[in-house]
Amino acid sequence: MAITPDGKIAYVVDEGSDNVTVIDTKTHSIVAIVPVEQTPVNLKISTSGKLTYVVCNNLVGTVFAIYIKTHSIIASILVGQSPSSVSFTPNGKIAYVTNLNNSVTIIDVPTHFVIVKTHSVIANVQVGTAPLNNAITPDGKLVFVTNSGKNSVSVIDTKTHAVIATIQVDLPPGFVVFTPDGKLAYVTASPPF
């Protein structure tokens, strides 16, 4: 679930029906249902607050961009196999999508909003095994990707779109967050089942 920056609208993924439900937070009523035709598993509102990016976990991974003003899909972006999460640089120009096929897809995001029929994929970066999530440092210079398959975190440089470091951790990592000054990263980890 994600709430628009003004707090007026909530977007919720509904895996069972392959829809995104749009809720008015003041009246608690459904204002729209957006069919995405694939299994939606995650979503996030862009830094500009004008788009919602819906990650659909399918063998042919897709991210749908929904224009918040009209609750309509304006772009369908092919990414890697079975994507699971999306994050945005602080300036809102780039999105990073983690994919189960050991990659991160980097997408160019429109910042001066004009309805765009397609968003362009800038690069696909190979990371560790079974990446789950990613987070971007507050300064927008690095992306940390949690790789659950090899108990590691890949670090991507946002200028070069290359992995510049791999950090080993003791258990499969899940999520990563940064302190506001960006000096420390905290990574959740849990033992395998």
Side-chain angles (χ1 to χ4, degrees), residues 1-58 60-80 82-100 104-124 131-140 143-145 156 158 161 175-178 180:
M1 181 172 71
I3 297 175
T4 55
D6 62 10
K8 294 180 179 179
I9 300 290
Y11 281 81
V12 181
V13 294
D14 183 357
E15 288 184 50
S17 65
D18 295 343
N19 292 322
V20 173
T21 302
V22 185
I23 300 169
D24 182 312
T25 59
K26 186 175 182 181
T27 64
H28 310 294
S29 60
I30 295 173
V31 294
I33 294 177
V34 183
V36 292
E37 300 175 7
Q38 295 182 26
T39 308
V41 293
N42 200 342
L43 57 77
K44 195 172 228 181
I45 294 173
S46 66
T47 308
S48 70
K50 296 179 188 272
L51 296 170
T52 298
Y53 277 54
V54 182
V55 177
C56 292
N57 189 334
N58 207 330
V60 179
T62 307
V63 173
F64 292 100
I66 298 173
Y67 183 33
I68 290 173
K69 189 173 182 179
T70 62
H71 312 302
S72 58
I73 295 172
I74 62 158
S76 173
I77 308 125
L78 291 178
V79 293
S82 299
S84 60
S85 67
V86 61
S87 64
F88 300 93
T89 54
N91 65 9
K93 293 181 178 180
I94 306 291
Y96 291 82
V97 179
T98 54
N99 306 301
L100 193 60
V104 172
T105 301
I106 304 171
I107 302 168
D108 185 24
V109 177
T111 53
H112 298 294
F113 193 74
V114 175
I115 293 183
V116 178
K117 297 297 179 194
T118 60
H119 291 53
S120 58
V121 172
I122 297 170
N124 283 293
L132 289 178
N133 292 290
N134 71 75
I136 300 171
T137 55
D139 62 9
V143 181
F144 281 49
V145 181
I156 299 172
T158 58
H161 307 305
F175 294 92
V176 59
V177 295
F178 299 97

Which of Leu78, Val54, Val79 passes side-chain contact (heavy atoms from CB on, under 4.5 Å) with Val63? It is Val79
What's the shortest heavy-atom distance between Pro90 and Gly140, and which atoms? CD-CA, 3.5 Å
Output yes when a side-chain donor or acceptor of Ser76 lies under 3.5 Å from a complementary backbone atom of Phe64, and no otherwise. no
Is a side-chain donor or acceptor of Thr98 paired with a backbone partner of Pro131 at a separation under 3.5 angstrom? no
Thr105 and Asn124: side chain donor to acceptor below 3.5 Å: yes
Test item: Thr137 and Phe144 side chains (from C-beta on) under 4.5 Å apart, heavy atoms: yes
Side chains of Thr47 and Asn91: is there a donor and an acceptor less than 3.5 Å apart? no
So do Val145 and Ile156 actually touch side chain to side chain, heavy atoms under 4.5 Å? yes
One pair to check against side-chain contact (heavy atoms from CB on, under 4.5 Å): Val86 and Lys44. What are the steps and the verdict? CA-CA 7 Å; Val86 61; Lys44 195 172 228 181; 3.8 Å; yes
Find out whether Val36 and Ile73 are in side-chain contact, i.e. whether some heavy atom of one side chain is under 4.5 Å from a heavy atom of the other. yes
Test log, rule side-chain contact (heavy atoms from CB on, under 4.5 Å), inputs Ile66 and Ile68: CA-CA 6 Å; Ile66 298 173; Ile68 290 173; 5.7 Å; no
From the options Ile107, Thr62, Val104, select the one residue that forms a side-chain contact (heavy atoms from CB on, under 4.5 Å) with Val97. Ile107
Polar contact flag, side-chain donor to acceptor under 3.5 angstrom, Ser82-Asn57: yes
Would you say that Ile9 contacts Val22 through its side chain, given a criterion of any heavy-atom pair below 4.5 Å between the two side chains? yes
Proximity of Tyr96 and Phe88 rings by center, below 6.0 Å: no
Start with the C-alpha gap between Ile94 and Ile106, add the side-chain angles, then the distance that decides, and say whether side-chain contact (heavy atoms from CB on, under 4.5 Å) holds. CA-CA 7 Å; Ile94 306 291; Ile106 304 171; 3.3 Å; yes
For atom CZ of Phe178, is the number of surrounding heavy atoms from other residues, nucleotides or ligands below 6.0 Å larger than 12? yes
In the structure I gave you, are the side-chain heavy atoms of His161 and Ile122 within less than 4.5 Å of one another anywhere? yes
Is there side-chain contact between Tyr53 and Val109, with at least one heavy-atom pair below 4.5 Å? yes
Going by atom types only, do Glu15 and Thr39 share a side-chain donor-acceptor pair under 3.5 Å? no
